[in-house]
Amino acid sequence: MSYYLTTPIYYVNSTPHIGHAYTTIAADIFVRHHRQRGEDTFFLTGVDEHADKVARVATEQGLEPQEYVDQIVTAWKELPELVNASIDYFIRTTDEGHKTFVQDFLQRIYDNGDVYQDVYAGLYCVGCEAFKSDDELVDGKCPDHGVEPEWIEEKNWFFRLSAYQDKLLALYAERPDFVLPEFRANEARGFIAGGLRDFSISRATQTWGIPIPWDPVQVAYVWADALVNYVSALTYAPKAELGFWPGRHLLAKDILRFHCVYWPALLLSAGYEVPKQLFVHGYLNLEGRGISKSLGNVIDPRKLIDVYGVDPLRYWVARAAVFGQDADVSVESFQERYERELGNDLGNLVSRTTAMIAKYRDGRIPVAPGLGDQAAVERLATEVPRRLDDFDLTGAIELIWEFVRSLNKFVTDAKPWELAKDEANADELDRVLYALADGLRIAAITLQAYLPETAPKILAALGQPEDVSWDGVAYGKTVSGEPVVAAEPLFPRVEAPAAAA
RNA sequence: GGCGGCGUAGCUCAGUGGUUAGAGCGACGGACUCAUAACCCGUAGGUCGGUGGUUCGAAUCCACCCGCCGCUACCA
């Protein structure tokens, strides 16, 4: 079994914000989970560096485009590190290996007869990096940038997307889970069924990009370049191999069309398999508004991490929205999750468990199986993977949290402090403490993908081996290991919510 | 306009034909003391957007109406 997952590559000229962190963290949770199951995994993210705007900004700063992107790529390379994403490779579209592969890829679709030359003309807004139709303009100006678009007319190479309508429809019909959630697949299918127009894959007036092999004065336009990265990386990244293809892909809803329509068509044309699955997630809206630079409400993930730590941010990603849906979020809601769930439910459970083992049994976990909800453990062991296989990030954590809550209830019902008062109850107290420690050990392993820093801390607090393989999600594997002492709070109270922006 | 979807307790939502419609959060009351004033229990009496149908029976199926949202092409 192999599991290859990619995020979109982010546009290097932008700035990393919570939206990028959202995708990257979600992807990391899936990947870490599959690693726990012992699968051969590969996790790719990176940046798209070829765009006209990049070249223009570089020129303004008196730099070569390559020098410029080499500078600004730093912020993007830090993103996975910042959110503790266990990536295997960070791709840049300026990688030599990528360029070589793209040229080969383009040659393949050319040889396949899917490319032809035509004139491309229209009003182009440099700010948007997009052609605008008349009805999109306000007073002849781009509503987003307030400038008049330029008239551009050039001979471009076009990809015969229209020739792939039937094949794409057949693909969607044969594989109902090709695009998830289902309503996104419906959108894509509706778009395809409405008729497909060919699109331009080259730019004649630009030089910053990958030269078209049969017409080197032109460079590849974004889709013919960026979308190819998910395969190209496998041909040259360390430890990668083409055998990982086809993989799975995560994306936000704004780029659905390109990834769910253009990309599969390009792959078919070039003779590659289409992805196994594409999961389209929604947006996090801050206080009811979209997150955008122009609104000035961009949350810097770094600020949240500085105040709360990485794991709370990762936890929030899984909890803030039903994965796939949009959701309104706020810094207050983040704080709420942190205190109520991480602090009170989980952190406090670790505190009370370790404190009782230390107090009643001198820190030694009595190996006394018998109590504890074995059926619940078995449910976790099979149902959490099943949900994560369906990209149900939220449903899986919900299941795990029900288990965490049940452990708190177990403590209240079993009343270890009562049992401790009478030596005659020693055996029963042993069994209670064991069941508690075992449940917490299991919870830690199931949470590892979500909370990679916290899970090992819990195992360590219980004196258990660091092994987080999924086999450990089984009843009665807790050992009487290193002495247990009352643990320090895992998620201490934080004074005030971190400021947004 | 076309296609798709939504409207359920104060909030976020689950529930798609069948006993008294559920969860989490918030609020109120109680209990407990192992623990990060945490945890546990109870209460919340909501025309399940509206109207009319189908059915022994509908939040759950159908029709219409009201309100809201997504997609409807080359923007990372």
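Chain letters run A, B, ... following the sequence lines, proteins first, then strands; residues in each count from 1.
- Following rounding to the nearest Å, L436(A) (CG) and C39(B) (P) show an atom-to-atom distance of 15 Å.
- What separates CG of L196(A) from P of A73(B) is a distance of 12 Å, to the nearest Å.
- Side-chain proximity of Y221(A) to the nucleotides C75(B), A76(B), C39(B) is greatest for C75(B).
- Partner of R92(A) under the salt bridge (charged side-chain N to carboxylate O under 4.0 Å, His left out) criterion, out of D225(A), D48(A), D70(A): D70(A) alone.
- Following rounding to the nearest Å, N408(A) (CG) and C32(B) (C1') show an atom-to-atom distance of 14 Å.
- Using a 4.0 Å heavy-atom distance criterion, V350(A) is classed as making no nucleic acid contact.
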**Per-nucleotide protein contact string for nucleotides 4-15 of chain B (B base, S sugar-phosphate only, - none; heavy atom under 4.0 Å)** = ------------
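- On the C1' atoms, U47(B) is 13 Å away from A9(B), given to the nearest whole Å.
- For A37(B) and A31(B), the C1' atoms lie 15 Å apart once the distance is rounded to whole Å.
- Residue W401(A) is classed as having no contact, given no heavy-atom separation below 4.0 Å to the nucleic acid.
- Atom OH of Y68(A) is separated from atom C1' of A76(B) by 13 Å (rounded to the nearest Å).
- Every residue was checked against the salt bridge (charged side-chain N to carboxylate O under 4.0 Å, His left out) condition with E488(A), not counting sequence neighbours, and none meets it.
- The Y360(A) side chain lies nearest to C34(B) when the options are A76(B), C74(B), C34(B).
- The NE2-C1' distance, from H20(A) to A76(B), rounds to 8 Å in whole Å.
- Of the candidates A73(B), C71(B), U36(B), the closest approach to any side-chain atom of E187(A) belongs to C71(B).
- Spacing of C1' atoms, C61(B) relative to U55(B), comes out at 9 Å, to the nearest Å.
- To the nearest whole angstrom, the two P atoms, one in C41(B) and one in G26(B), are 14 Å apart.
- Counting heavy atoms from C-beta on, the side chains of I458(A) and L346(A) come closer than 4.5 Å.
- Within the nucleic acid shown, E418(A) comes within 4.0 Å of sugar-phosphate atoms alone, with no base atom in reach, counting heavy atoms only.
- In this structure, the ring-ring contact (aromatic ring centres under 6.0 Å, His included) partners of H50(A), at least two apart in sequence or on a different chain, are W208(A).
- Nearest to the side chain of F191(A), among C74(B), A73(B), C34(B), sits A73(B).
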Just the atom pairs and distances: protein N or O near nucleotides 22-28 of chain B's N or O, under 3.5 Å.
unit_1	atom_1	unit_2	atom_2	d
G26(B)	OP1	R340(A)	NE	2.8

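- Aromatic ring pairs are classed by plane angle as parallel below 30°, tilted from 30° to 60° and perpendicular above 60°; the pair W76(A) and H20(A) is perpendicular.
- Nucleotides C13(B) and A59(B) have their C1' atoms positioned 15 Å apart, rounded to a whole Å.
- When the C1' atom is used for both C62(B) and U20(B), the distance is 28 Å, rounded to whole Å.
- Take K457(A) and apply the side-chain contact (heavy atoms from CB on, under 4.5 Å) test, not counting sequence neighbours, and it matches L490(A).
- At whole-Å resolution of the value, CG in D118(A) and C1' in C74(B) are 14 Å apart.
- Applying the salt bridge (charged side-chain N to carboxylate O under 4.0 Å, His left out) test to D166(A) and every residue at least two apart in sequence or in another chain returns nothing.
- No hydrogens or angles were tested; on distance alone, nothing pairs the side chain of N344(A) with the base of A38(B) as donor and acceptor under 3.5 Å.
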Can I get a per-line list of side-chain donor-acceptor pairs under 3.5 Å for residues 179-190 of chain A, giving both atom names and the distance, sequence neighbours left out?
unit_1	atom_1	unit_2	atom_2	d
R184(A)	NH1	E187(A)	OE1	3.3
R184(A)	NH1	E187(A)	OE2	3.1
N186(A)	OD1	R189(A)	NH1	2.9

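- Taking the C1' atoms as reference points, G67(B) lies 38 Å from G29(B), given to the whole Å.
- Checking D95(A) against Y89(A) by side-chain atom types alone, a donor-acceptor pair falls below 3.5 Å.
- Ion pairing between a basic and an acidic side chain is recognised when a charged N comes within 4.0 Å of a carboxylate O; R441(A) and D438(A) show such pairing.
- Both A226(A) and K253(A) lie close to RNA chain B; mapped to their nearest nucleotides by heavy-atom distance, the more 5′-ward contact belongs to K253(A).
- Between D254(A) atom CG and G70(B) atom P the separation is 14 Å, expressed in whole Å.
- Of the candidates C34(B), U36(B), C39(B), U36(B) carries the atom nearest the P489(A) side chain, counting heavy atoms from C-beta on.
- Scanning for side-chain contact (heavy atoms from CB on, under 4.5 Å) contacts around P366(A) gives R361(A), D430(A), L433(A), with sequence neighbours left out.
- The side chain of S351(A) lies closest to A35(B) when the candidates are A73(B), A76(B), A35(B).
- As a whole-Å value, the separation of K415(A) NZ from C32(B) P is 10 Å.
- Residue contacts shown for G343(A) include a base, since a base heavy atom lies under 4.0 Å away.
- Using a 4.0 Å heavy-atom distance criterion, F491(A) is classed as a base contact.
- L490(A) comes within contact range of at least one nucleobase, with a heavy-atom separation under 4.0 Å.
- Per the stacking criterion (ring centres < 5.5 Å, plane angle < 30°), F199(A) does not stack onto the base of C74(B).
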**Request:** Fill in the dot-bracket string of RNA chain B, one character per base: . for unpaired, | for a pair to another strand, ( ) or [ ] for pairs within the strand, taking Watson-Crick or G-U pairs under 3.5 Å.
**Result:** ((((((((.[[[[.)..(...]]]].((((.........)))).....[[[[[..)....]]]]])))))))....
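- Along RNA chain B, the nucleotide nearest K409(A) and the nucleotide nearest H259(A) are compared for position; the residue whose nucleotide lies closer to the 5' end is K409(A).
- Annotation: side-chain contact (heavy atoms from CB on, under 4.5 Å) contacts of S162(A) (sequence neighbours excluded): R160(A), D198(A).
- In this structure, the side-chain contact (heavy atoms from CB on, under 4.5 Å) partners of E336(A), at least two apart in sequence or on a different chain, are R340(A).
- Residue contacts for G347(A): at a heavy-atom cut-off of 4.0 Å it reaches a base atom on one of the strands shown.
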**Message:** Please evaluate residues F159(A) and Y164(A) with respect to the criterion ring pair (Phe, Tyr, Trp, His ring centres under 6.0 Å), reporting the C-alpha separation (whole Å), side-chain torsions for both, the decisive distance (0.1 Å), and the verdict.
**Reply:** CA-CA 10 Å; F159(A) 174 69; Y164(A) 285 85; 5.7 Å; yes
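- Residues satisfying the salt bridge (charged side-chain N to carboxylate O under 4.0 Å, His left out) test with E78(A), not counting sequence neighbours, are R302(A).
- Of the P atoms belonging to G57(B) and C39(B), the separation is 47 Å, rounded to the nearest Å.
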